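Shown next, in structure tokens, is the structure this report addresses.
Here the structure is a predicted model, which means the values were calculated and not measured. Basis for what follows: all heavy atoms, side chains included, without hydrogens, waters or symmetry-related copies.
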Amino acid sequence: MSAAQLGPVAGMALAFAAWFGGFGAFLLVGALGGVGFAVGRAFDGGAGGTDLRRFLDGIAERRR
């Protein structure tokens, strides 16, 4: 799915969440969508995926 198709779909999902669930649901759907996007990019190996892996590795190293 291209970004031109994904944008309106995400917008409609946020609009439905805002309409039926209120502003809190709108924020929750937006935040979870952003997290899902970041995790998907990390697993896909896209731009920023290695940065996320380095960041998470750094957190794991500090805990040891």
Side-chain angles (χ1 to χ4, degrees):
M1 182 176 274
S2 72
Q5 294 170 330
L6 188 60
V9 170
M12 286 186 284
L14 288 170
F16 279 118
W19 182 262
F20 292 110
F23 187 68
F26 170 80
L27 291 177
L28 181 65
V29 169
L32 291 177
V35 168
F37 175 76
V39 169
R41 293 281 287 194
F43 281 117
D44 192 27
T50 56
D51 295 337
L52 178 63
R53 287 188 192 120
R54 274 190 243 140
F55 174 73
L56 294 175
D57 288 341
I59 290 174
E61 289 294 324
R62 282 187 236 143
R63 290 188 179 192
R64 291 181 188 164

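Counting Ile, Leu, Val, Met, Phe, Trp and Tyr side chains that sit under 4.5 Å apart, directly or through other members, F26 shares a hydrophobic cluster with L14, F23, L27, V29.
F20 is linked by a side chain to side chain contact (heavy atoms under 4.5 Å, CB included) to F16, counting only residues two or more places apart in sequence or in another chain.
What you find for A17 and A25 is that their closest heavy atoms are O-CB, 3.6 Å.
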